[in-house]
Amino acid sequence: MSQLETPLFDVLLKHRNRHPIQFHIPGHKKGQGMDPAFREFVGDNVLSIDLINIAPLDDLHSPKGAIKEAQDLAAEAFGADHTFFSVQGTSGAIMTMILSVVGPGDKILVPRNVHKSTMSAIVLSGAIPIFIAPEVDKEYGIAHGISVESVEKALKTFPDAKAMLVINPTYFGFATDLKRIVDMVHEHNIPVIVDEAHGVHIKFHDELPLSAMQAGADMAATSVHKLGGSMTGSSVLNVREGLVSVNRVQSVLSMLTTTSTSYPLLASLDCARRQLAVHGYDLIDECLRLAKDARKRINKIPHLKVAGREILHSSATYDMDPTKILISVKDLGITGHQAEEWLRNNANIEVELSDLYNILCLITLGDTKKEINLLVNALQRMSQEYELKAAVTETIVNVPDIPALAMTPRDAFYASTEVMPLDESAGYICAEFIMVYPPGIPIFIPGEIITEDNIEYIKMNVEAGLPVQGPEDLTLKTIRVIKERMPII
Ligand SMILES: Cc1ncc(COP(=O)(O)O)c(C=O)c1O
């Protein structure tokens, strides 16, 4: 089959054009049984392919027909031996990777700045995480990837590890020297699995960092929906044969996946793969051109600064994706969250994320010169508005230390717990996840010892209006900790 074809989308269209009389779910039956306002809004086309795994349409849980053909074409496009489609986002693909390679008591090497789906899978699997500290950027207040040197140290200390997870590239677009990490970890016969949520496009242009499959990794969870043009919630899991069992990956994915798999999502993956394979280079080339122009112009705006190649100085910051525009606003005397709100209220612009010091804007296949001009223009106006504040403010970047792990996340998750005031909780073992989403990187995970500086960091984020998520108490006045056991007298 050629990359020009879309076998799954074609089968859905063929089926729809036969106008079969449906006595199966979904009960809306091509939209006829649906709320008219919603039906009219989304249109009959998408509703007519909102179908279920009847024989002509194949079954994601055991693909033999059109889904298999679509997955095989995707594998060829991504340079993988096998590709599995996910309708549960990259989170579903990450959980599948982890549950396929580790079980209870197995050690897995992971960067501490993992997405919450990695920690969820670690709790579910009962594996023991061995955390590797990511390189921290004190200028921008962000975490990068892990260095080759720290992986080397981790392998020496824990040669019995069963797997290694790498995030590459990071949310902010920075890439580690993945090829060296893969080669080194493979010398120990340990599989390397990659959270490639922010890198679906990197395989398709030679000016971008190496993709997980190009670097020889064993598996990669790759968000097609984030930057590759498919619909939200669709993603792929790419697999290389050798150190992992493809059959086990298929059965774990099936365990974690709904039996009612969305065909519009699957078809959008099929078509996004065609677009990337056939036109990816040219489309990404245009993105890179727009991004370079945006970077140059934003860097000329007083008090704003875009993170670029000048911050690449180690094996953890080895390469970068220039389409991620990370703009530091701290010299304007405002937080990233304030900048996000200013852009929303004054320019109708929505950014990808904000944190205490930065905003992140993504230039993708969907952008043109017009959007870049609007962004640059709005940033110029924002800079002028805060000019006076910028002159008198000096912002110190606060990046808290990584808390120590006192017990496995799974033991902590299932332990007896109690609720106590956040302010008094330093020294106790945390029993819940607390993170700022996006980016969804935990400040605390179950099993970690609560520290004063991390309590302070949580408060700074809450005060700045950033979305601190995870705890039962959404006001964050209290926190759930492991119950202290007093001696029985
Ligand atoms: C680094 C990283 N990994 C995984 C994910 C999960 O991806 P998804 O939202 O497709 O489940 C995200 C989402 O933001 C992410 O930033």
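Remember, it's a predicted structure, so these values are computed and weren't measured experimentally. We count ligands from 1, going down the list as the structure has it; atoms in each ligand are counted the same way.
In this view, Phe9 satisfies the ring-ring contact (aromatic ring centres under 6.0 Å, His included) rule with no residue, not counting sequence neighbours. Looking at residues two or more places apart in sequence or on another chain, you find no ring-ring contact (aromatic ring centres under 6.0 Å, His included) involving Tyr414.
Each of the following atoms of ligand 1 lies closer than 4.0 Å to a heavy atom of His198: 1 (C), 2 (C), 15 (C), 16 (O). Listed by number with element, the atoms of ligand 1 under 4.0 angstrom from any heavy atom of Tyr171 are 16 (O). Ligand-side atoms of ligand 1 in range of His225: 8 (P), 10 (O), range being under 4.0 angstrom from any heavy atom. Taking every non-hydrogen atom of Gly89 and a distance limit under 4.0 Å, the qualifying atoms of ligand 1 come out as 10 (O), 11 (O). Within ligand 1, counting atoms from 1 as listed, the ones closer than 4.0 Å to a heavy atom of Lys226 are 7 (O), 8 (P), 9 (O), 10 (O), 12 (C), 13 (C), 14 (O). Taking a cut-off of under 4.0 Å to the non-hydrogen atoms of Ile94, the atoms of ligand 1 that pass are 3 (N), 4 (C).
Ring pair Tyr171/His198 is parallel by interplanar angle, where below 30° counts as parallel and above 60° as perpendicular.
Within the structure, the closest approach of Ser223 to ligand 1 falls below 4.0 Å when heavy atoms are considered.
With a heavy-atom cut-off of 4.0 Å, Thr90 touches ligand 1 through backbone and side chain alike.
Taking the ring centre of Tyr140 as origin, the terminal cationic atom of Lys305 falls inside the region bounded by 6.0 Å and 45° from the ring axis.
Taking the side chain as every heavy atom from C-beta outward, Ser100 and Thr96 approach each other to under 4.5 Å.
Ion pairing between a basic and an acidic side chain is recognised when a charged N comes within 4.0 Å of a carboxylate O; Asp321 and Lys324 show such pairing. In this structure, Glu196 does not pair ionically with Lys226, as no charged nitrogen and carboxylate oxygen lie closer than 4.0 Å.
Not a single N or O atom of Gln88, backbone or side chain, sits closer than 3.5 Å to an N or O atom of ligand 1.
Around atom 4 (C) of ligand 1, the closest heavy atom drawn from Lys116, His115, Met95 belongs to His115.
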